[in-house]
Amino acid sequence: MDRPNLHVYAADQALRARARAVIPGGMYGHQNAARLPEGFPQFLQRARGCRLFDVDGNEYIDFMCSYGPIILGHGHPEVDAAAARQQALADCQNAPSPRIVELAELLVDTIPHADWAMFEKNGTDATTKCVTIARAATGRRKILVASGSYHGSAPWCTPNLNGITAEDRAHLLQFTYNDIASVERAVDAAGDDLAGIIVTAFRHDNRVDQELPTPEFARRLRELCDRHDAALIIDDVRAGFRLHLGGSWEPLGVRPDLSAWSKAIANGYALAAVLGNERVREGATKIFATGSFWFAATSMAAAIATLTILREGKAIPAMERMGQIFRDGLAAQARSNGVRIRQSGPVQMPLLLFEDDPDFKKAARFTGEAAKRGAYLHPWHNMFLSAAHREADIREALEITDIAFAKVKQEFGAAA
Ligand code: PMP
């Protein structure tokens with residue numbers, strides 16, 4: 001049975017028109033709704049738990065969690081109360097608050113590879129700082145990166161080359177995720193100038209199936225860094241705290257020298273962290289590291305509250321349970337609607353792609369129809385579950401996706 005599309009977009013349209021005059025392109029980056037299918041709002045008004053409300057009052061079950069930061073649910077009362085208590089004291093001062101020491105202690109206590117912590121605001125700050133520390137610690141220049149991996153929007157790593165010079169990338173060498181031979185070739189090419197290898201927690205590049213690292217790949221990266229006295233850097237910005245509290249490679253038994261964190265560590269408050277071990281501590285003390293808001297205390301108080309809740313150990317299993325129900329439900333619906341799909345990655349960070357969909361037209365139709373009926377999915381980026389998703393939310397979302405699959409079948413017919 002169809003579920004009526006009751007959404008209206010008048011306020012959203014009016015804001016888009018105003019934005020076009022004063023914001024380049026009307027909006028920039030991946031949060032430009034013009035890059036998403038019709039049916040997605042550009043502007044959101046408020047959020048609670050796993051629900052979003054746009055500026056027209058339309059409601060959505062949220063499967064993006066702000067592209068990762070919301071791990072306990074929007075507006076989590078304990079996190080918000082901790083942030084408000086700190087805000088009442090002060091946020092941004094001439095010097096950091098005691099929260100910076102408390103949070104560093106908590107992170108070092110939670111994450112086995114970490115002996116120290118430094119803080120920033122965004123994931124790009126953290127990955128860039130990891131690369132800088134690796135170079136400062138080794139006195140070398142070459143950094144190995146997996147082609148297609150996203151590490152942020154700075155000139156050294158942005159996927160968009162407009163405004164970027166060849167010099168910005170001069171000391172990067174590419175390898176292929178999970179391809180040991182390609183890493184070995186890049187290590188050889190770096191010669192005696194290898195500063196480090198940066199790698200995402202798992203392969204979560206846009207528009208392609210997600211891939212977990214093989215244990216052999218992870219171990220080989222560690223061995224190569226040890227043999228060449230280079231730094232192994234894990235970019236845990238996206239996956240951090242959703243797979244394992246001790247860092248995403250902890251279950252593989254492979255510990256990095258440096259790790260980059262942001263997104264989920266403060267449940268939506270702006271914070272990033274670089275964690276490191278003793279091998280790179282001196283390098284970290286040598287670099288110039290500062291930002292006007294990097295010492296602000298409110299987000300650190302929020303991170304302490306978030307991590308305290310996560311350490312109770314319930315959030316990851318809850319996300320896994322809900323993610324599995326969602327994945328199983330989607331698979332059954334795709335089958336019964338005669339639509340061929342692929343699902344990949346950890347269930348709490350799921351990706352759904354359609355077979356024979358080179359231009360993502362099926363994905364666009366599917367997610368557009370779902371958005372119009374109140375499920376905020378993504379056509380080609382991995383999605384995110386939070387600990388606020390309950391089974392009733394997943395079941396309601398599945399009612400919507402069943403209709404969206406039927407629409408795909410209707411439009412693309414037998415080819416679906
Ligand atoms: N690394 C990874 C793996 C990411 O997913 C992201 C953000 N999507 C970043 C780095 C950059 O983080 P930010 O957008 O906060 O700068």
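If you're wondering where the values come from, they're calculated on a predicted model, not measured in any experiment. Ligands are counted one by one from 1 in listed order, and the atoms in each one are counted from 1 as well. Below, each value reflects all heavy atoms present in this structure, side chains not excepted, and no hydrogens, waters or symmetry copies.
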- line: For D235, the ligand 1 atoms with a heavy-atom partner under 4.0 Å come out as 1 (N), 2 (C), 3 (C), 10 (C)

query: Does the salt bridge (Lys or Arg N to Asp or Glu O under 4.0 Å) test come out yes or no for D356 and R340, once each step is laid out?
result: CA-CA 8 Å; D356 304 318; R340 289 180 301 119; 2.5 Å; yes

- line: min-distance protein heavy atom vs atom 5 (O) of ligand 1 -> R238 NE, 2.8 Å

- prompt: Any non-hydrogen atom of K263 lying under 4.0 Å from ligand 1?
  reply: yes

field: Ring geometry between Y376 and Y60 (parallel below 30°, tilted from 30 to 60°, perpendicular above 60°)
entry: perpendicular

Atom indices of ligand 1, in the order listed, that fall short of 4.0 Å to a heavy atom of G123: 11 (C), 12 (O), 13 (P), 15 (O), 16 (O)

query: When you look at F63 and F326, which way does the ring pair (Phe, Tyr, Trp, His ring centres under 6.0 Å) test go after all the steps?
result: CA-CA 11 Å; F63 287 94; F326 195 43; 4.4 Å; yes

field: Ligand-side contact atoms (ligand 1) for residue partner T124, heavy atom cut-off under 4.0 Å
entry: 11 (C), 12 (O), 13 (P), 16 (O)

- request: Provide the number and element of each atom of ligand 1 under 4.0 Å from a heavy atom of G152.
  value: 10 (C), 11 (C)

- prompt: Pick one: which of L232, I180, V187, L144 meets side chain to side chain contact (heavy atoms under 4.5 Å, CB included) with L224?
  reply: V187

message: Measuring from non-hydrogen atoms of Y150 to any atom of ligand 1, is the shortest distance under 4.0 Å?
response: yes

- prompt: Cation over ring, R203 on Y177, under 6.0 Å and within 45°?
  reply: no

query: Checking R99 side chain against P96 main chain: does a donor-acceptor pair fall under 3.5 Å?
result: no

query: Can you list the ligand 1 atoms lying under 4.0 Å from a non-hydrogen atom of H151?
result: 1 (N), 10 (C)

query: When you look for heavy atoms under 4.0 Å from ligand 1, do you find them on the side chain of V237, its backbone, both, or neither?
result: side chain

query: Is there a heavy atom of H204 sitting under 4.0 angstrom from any atom of ligand 1?
result: yes

- prompt: Taking the inter-plane angle between the rings of W261 and F241 on a 0 to 90° scale, is it parallel (under 30°), tilted (30 to 60°) or perpendicular (over 60°)?
  reply: tilted

